[in-house]
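Contents: one structure, followed by commentary.
Nothing fancy with the numbering, it's 1 onward along the sequence.
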Amino acid sequence: MSRIDDTFARLAAQHKKAFVAYIMAGDPDVVRSLAVMQGLPAAGVDIIELGLPFTDPMADGPTIQLAGQRALEAGMTLDKTLQMVRDFRSGDASTPIVLMGYYNPIYALGVDVFLKQATEAGIDGLIIVDLPPEEDAELCLPAQAAGLNFIRLATPTTDAKRLPKVLQNTSGFVYYVSVTGITGAAAAEATEVGPEVARIKRSTTLPVIVGFGINTPEAAKAIASVADGCVVGSAIVKEISTGKPVAEVLAFVAKLAAGAHAA
């Protein structure tokens, strides 16, 4: 059982939905980013999705692209991202951390070296959006052998023929992308998401978490009510980008978490 599995088991016992918060590692700098990260569990976050800054993101909208640029300009690297996880783990041994990013930095470091460092740092799962199931031997299978969950994205265009392939080596949870497009670009609608989540759950026993297009406590509640939980990223990253005090950012996160937990 991974930390992710333990978290979903605990939430199920409490009849609660999961709230996942995304932040970009190193945005706008390591100190502030770590301070936000350290405050997320107390704000009600069940799983932290930590973005790995990359120069050429494909699934991210302008808000998260800009966050990645700020982090890179501040000197953020894969090594520093893993150190940030180590620093977080020195005070929190239980909150799951999912590293979300693209394959290039991992490939440049070397898969074996990365997996060793990631597991030792305290990473629990990976979302690598540019590695399709056809490339599972590249990172997915080695990651699972190392004890990491490999979380796959399903989308509105993942049809009945493609879905089994997507689910094949997925573990931890399935991340359902609620809208066709990039992060932060459109609002998720529970009436449209609900049937899609039900369709996916007919093919897997894994929790299905919905992300993209959720930016208010009301939306978090509505989407979580038709899934096993929800992810909020762009709305939180936007709060960080304004330069608000960390306490204000975390207060905003707490309202989102309360919405999801009320579902």
Side-chain angles (χ1 to χ4, degrees), residues 2-5 7-8 18-27 37 40 45-54 56-61 63-65 67-68 71 78 81-82 84-85 95-107 109 111 114-115 117-119 121-136 138-144 146-155 158 163 165-179 181-184 200 204 206-214 227-234 236-237:
S2 68
R3 288 189 189 94
I4 295 172
D5 297 329
T7 295
F8 280 112
F19 180 68
V20 183
Y22 171 99
I23 63 169
M24 178 67 73
D27 173 37
M37 186 179 181
L40 291 177
V45 173
D46 300 301
I47 298 172
I48 296 170
E49 188 182 343
L50 186 64
L52 175 62
F54 182 53
D56 299 277
M58 292 182 291
D60 299 304
T63 298
I64 291 179
Q65 284 189 35
L78 175 53
T81 299
L82 294 177
M84 187 173 156
V85 173
T95 304
I97 299 172
V98 175
L99 189 68
M100 184 274 184
Y102 300 86
Y103 186 45
N104 188 282
I106 296 169
Y107 177 80
L109 177 63
V111 168
F114 166 74
L115 291 176
Q117 293 183 358
T119 52
I123 295 287
D124 301 289
L126 301 174
I127 300 174
I128 309 299
V129 297
D130 54 349
L131 277 182
E134 286 76 12
E135 305 297 335
D136 275 358
E138 193 79 20
L139 180 63
C140 172
L141 298 180
Q144 294 194 338
L148 296 174
N149 289 127
F150 201 88
I151 296 147
R152 192 84 67 190
L153 304 182
T155 75
T158 306
L163 185 59
K165 190 76 174 175
V166 169
L167 296 175
Q168 184 174 274
N169 291 312
T170 298
S171 61
F173 60 91
V174 178
Y175 187 134
Y176 179 67
V177 176
S178 64
V179 297
I182 53 177
T183 58
I200 294 168
T204 182
L206 292 170
V208 179
I209 304 298
V210 177
F212 288 44
I214 304 165
D228 295 301
C230 67
V231 184
V232 177
S234 293
I236 296 170
V237 170

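- Rounded to the nearest 0.5 angstrom, Thr158 OG1 and Ile200 CD1 are separated by 7.0 Å.
- Annotation for Ser178 and Phe212: closest pair OG-O, 2.5 Å, computed over non-hydrogen atoms.
- With values rounded to the nearest 0.5 angstrom, Asp5 atom CG is found 5.5 Å from Asn149 atom CG.
- By the 4.5 Å heavy-atom criterion applied to side chains, Tyr102 and Leu52 are not counted as neighbours.
- Although no hydrogens or angles enter the test, the distance criterion places a donor-acceptor pair under 3.5 Å between the side chain of Gln144 and the main chain of Asn169.
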Chi angles and distances behind the side-chain contact (heavy atoms from CB on, under 4.5 Å) call for Asp228, Tyr176: CA-CA 11 Å; Asp228 295 301; Tyr176 179 67; over 6 Å; no
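- Nearest approach of Gly125 to Ile151, heavy atoms of both residues: CA-CD1, 4.5 Å.
- Atom CG of Leu167 is separated from atom CG of Leu206 by 7.5 Å, given to the nearest 0.5 angstrom.
- Checked by atom type and distance alone, the side chain of Asp124 never pairs as donor or acceptor with a backbone atom of Val98 at under 3.5 Å.
- For the pair Asp46 (side chain) and Phe19 (backbone), a donor-acceptor distance under 3.5 Å is present.
- Side-chain contact check for Tyr175 versus Ile127: some heavy-atom pair is nearer than 4.5 Å.
- For the pair Phe54 and Leu78, the minimum side-chain heavy-atom distance is 4.5 Å or more.
- The OG1 atom of Thr63 lies 9.5 Å from the CD atom of Gln65; values are rounded to the nearest 0.5 Å.
- By the 4.5 Å heavy-atom criterion applied to side chains, Leu115 and Ile106 are not counted as neighbours.
- Across all their heavy atoms, Ile214 and Val232 have their closest contact at O-CG1, 3.4 Å.
- Between the CG atom in Asn104 and the CD1 atom in Ile128 there is a gap of 11.0 Å [rounded to 0.5 Å].
- Shortest non-hydrogen contact noted between Met100 and Asp60 is CE-OD1, 4.0 Å.
- With rounding to the nearest 0.5 Å, the separation of CZ in Phe8 from CD1 in Ile47 is 4.0 Å.
- Between Cys140 and Arg152, the shortest heavy-atom contact is SG-NH2, 4.0 Å.
- Using a 4.5 Å cut-off on side-chain heavy atoms (C-beta onward), Phe173 and Ile4 make contact.
- Taking both residues in full, the closest heavy atoms of Gly68 and Pro53 are given as O-CB, 4.0 Å, listed atom of the first, atom of the second, then distance.
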